Number of protein chains: 2
Amino acid sequence: MTASRSWRSEEVARNDRALLRAAREVLAVDGAHASVASIAARAGVGVGSLYRRYRTKQELFQRLCLIALRDYLDAANEGLAMDDPWAGLVHYAMASIRSGPGSLAPVAGTFDVTDEMTELAERGDRAVAELVERAHRARVLRAGVTAVDLELLIEQLSKSPLQEHLQRQGRTELYDAALNARERIIAVALDGLRAAPAGPLPGQAPGYELFTMRWAPPEDEQPASE
Amino acid sequence: MTASRSWRSEEVARNDRALLRAAREVLAVDGAHASVASIAARAGVGVGSLYRRYRTKQELFQRLCLIALRDYLDAANEGLAMDDPWAGLVHYAMASIRSGPGSLAPVAGTFDVTDEMTELAERGDRAVAELVERAHRARVLRAGVTAVDLELLIEQLSKSPLQEHLQRQGRTELYDAALNARERIIAVALDGLRAAPAGPLPGQAPGYELFTMRWAPPEDEQPASE
DNA sequence: TTCGATGCGGAGTGAATCGCTCCGCATCGA
DNA sequence: TCGATGCGGAGCGATTCACTCCGCATCGAA
């Protein structure tokens with residue numbers, strides 16, 4: 001119980017990271033119905049190992065939420081640190097969309113909120129409010145847009161129904177195309193659909209198979225492991 | 001079996017409409033995990049009545065999907081009938097977002113696709129392609145935007161995590177505010193966040209409680225009936 | 001090489017929920 | 001009053017859930 005317990009702690013840490021990553025991924029796909037078995041399988045560990053680290057499913061989600069709140073606050077502060085108000089706002093939005101507080105929304109209300117989480121959320125809200133106000137002062141943000149509007153838009157863009165479907169069906173070969181398509185969508189939503197582009201759309205135009213494939217019967221259910 | 005079977009057919013039709021509406025609502029909230037019991041309860045009928053009209057859960061979803069495809073095609077044609085290319089495109093997008101093919105996405109691949117459905121989908125795709133091309137010819141649509149981009153954006157905007165959460169918790173008093181907030185988000189996504197507004201944002205600015213309330217413990221689980 | 005300790009994967013468990021069936025009852029025209 | 005009809009929901013077997021527990025592989029120490 002002294003300093004001698006450095007035995008294989010690296011593997012422990014690695015497993016823990018894999019567990020958290022797997023939990024976030026599975027949660028994004030299955031929502032609140034995500035099962036511990038699928039999380040453990042995706043992380044490549046047994047359920048026993050999961051329960052040795054987290055006493056309950058809720059405790060895992062709680063930890064996951066705390067990490068997301070930290071990322072969220074970091075992203076806002078990074079945005080504030082940028083000189084260009086618009087670039088800072090976009091940086092925050094992009095980072096939040098990617099690490100997805102929106103994907104954590106389904107578990108909201110399923111566990112107790114700790115004081116630490118409340119404080120992190122408040123600090124994040126303050127930073128975002130400052131980000132929005134600064135953008136308004138520079139007149140680069142549409143008049144009337146509030147911080148709540150921004151947060152809700154981010155939440156709306158956080159989930160990716162297309163990628164979830166692909167993952168459920170195990171169509172990994174289309175994953176890159178789906179990622180590209182999503183980047184375009186986000187760019188459009190942030191920059192606007194009207195003809196007055198802030199630049200050319202990134203990447204290639206997505207093909208129709210992204211739209212048609214999900215209607216085909218899943219020829220192979222997701223192995224849910226490895 | 002002749003023309004004399006008009007007995008109470010109005011109530012039957014009313015029940016059927018209630019069933020379809022309930023199914024769409026429950027599906028939007030619970031996704032593919034939607035249970036027949038919750039659908040029947042929300043429609044205010046017993047599961048027996050549901051199974052008298054639809055032999056299986058998949059058959060109900062199939063019918064639901066067919067109706068959505070029809071609405072989808074109608075919306076596209078209505079958009080084409082409008083003189084202003086931009087207004088037509090927005091009309092289609094708004095109608096599609098509201099009647100939500102996106103909320104049907106979770107059941108994609110869970111039942112067989114009939115020929116009628118395939119044909120409706122193809123006709124819809126053609127109409128949307130024409131809508132997009134016309135907007136491009138009039139130079140009112142951002143360069144590089146394809147029909148698939150548009151469809152994916154519509155799908156992205158179709159689901160409403162906020163409203164789903166409210167419904168799950170039974171907070172009906174915030175429903176109007178959530179609806180208003182969603183209208184703003186959609187307007188922003190379609191018009192763009194950058195300072196060059198196409199007009200003032202509609203409705204009132206949403207309050208912070210929309211964002212904080214979902215973290216509060218649900219003081220009353222959804223009664224799921226009536 | 002042998003031994004105790006440690007953390008591992010996953011079969012097993014009771015509870016909950018699923019889609020679906022079936023039956024008693026209310027409500028109608030005759 | 002009586003047969004017919006459609007209704008709501010209790011009940012059924014099957015499935016899935018969160019969680020427990022145990023045999024085994026792998027390590028340092030002797």
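We use all heavy atoms of the structure for the numbers below, so side chains are in, but hydrogens, waters and symmetry mates are not. Everything numeric in this text was worked out from a predicted model, so none of it was measured.
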* Structure fact -> In whole angstroms, the gap separating C1' of dC18(C) from CG of Leu50(B) amounts to 14 Å

* Asked: How would you list, by chain and number, every residue that makes a salt bridge (charged side-chain N to carboxylate O under 4.0 Å, His left out) with Glu119(A), sequence neighbours excluded?
  -> Arg123(A)

* Asked: Looking at residues at least two apart in the chain, or sitting in another chain, which of them share a side chain to side chain contact (heavy atoms under 4.5 Å, CB included) with Ile185(A)?
  -> Leu152(B), Leu153(B), Gln156(B)

Under 3.5 Å, which protein N or O atoms sit close to an N or O of nucleotides 19-21 of chain D? Give each pair with its distance.
from    : atom 1 : to       : atom 2 : distance (Å)
dC19(D) : OP1    : Thr56(A) : OG1    : 2.9
dC19(D) : OP2    : Tyr51(A) : OH     : 2.9
dC19(D) : OP2    : Thr56(A) : OG1    : 3.3
dC19(D) : OP2    : Lys57(A) : N      : 3.0

* Contact class for Ala34(B) vs. all strands (heavy atom < 4.0 Å): base, sugar-phosphate, or nothing? -> sugar-phosphate

* To do: Rounded to the nearest angstrom, tell me the gap between atom NE2 in His33(A) and atom P in dA18(D).
  => 11 Å

* Listed by chain and number, what are the side-chain hydrogen bond (donor to acceptor under 3.5 Å, both in side chains) partners of Gln62(B), not counting sequence neighbours? -> none

* **Set of residues satisfying side-chain hydrogen bond (donor to acceptor under 3.5 Å, both in side chains) with respect to Glu59(B), sequence neighbours excluded** => Arg55(B)

* Asked: Under 4.0 Å between a side-chain N or O of Asn15(A) and OP1 or OP2 of dG7(C)?
  -> no

* What residues, two or more places apart in sequence or in another chain, satisfy side chain to side chain contact (heavy atoms under 4.5 Å, CB included) together with Gln58(A)? -> Thr56(A), Phe111(A)

* Using heavy atoms to find the nearest nucleotide of DNA chain D for Ser35(A) and Gly46(B) separately, return the residue whose nucleotide is more 5′. => Gly46(B)

* Using only side-chain N and O atoms of Ser49(B), determine if any of them is under 4.0 Å from OP1 or OP2 of dG8(D). => yes

* To do: Calculate the interatomic distance between Arg53(B) atom CZ and dG8(D) atom C1'; express it in whole Å.
  => 13 Å

* Asked: With no hydrogens and no angle check, is any side-chain donor or acceptor of Arg182(B) less than 3.5 Å from a backbone partner on Leu157(B)?
  -> yes

* Structure fact -> note: Tyr54(A), atom OH; dA18(D), atom P; distance rounded to Å ~ 16 Å

* Hey, where does DNA chain C pair up into stems, meaning at least three consecutive Watson-Crick or G-U pairs with distances under 3.5 Å? -> C:1-30 with D:1-30

* Got a sec, which residues hit side-chain hydrogen bond (donor to acceptor under 3.5 Å, both in side chains) with Arg21(B), two or more places apart in sequence or on another chain? -> Glu25(B)

* **Sequence-distant partners of Tyr51(B), side-chain hydrogen bond (donor to acceptor under 3.5 Å, both in side chains), two or more places apart** => none

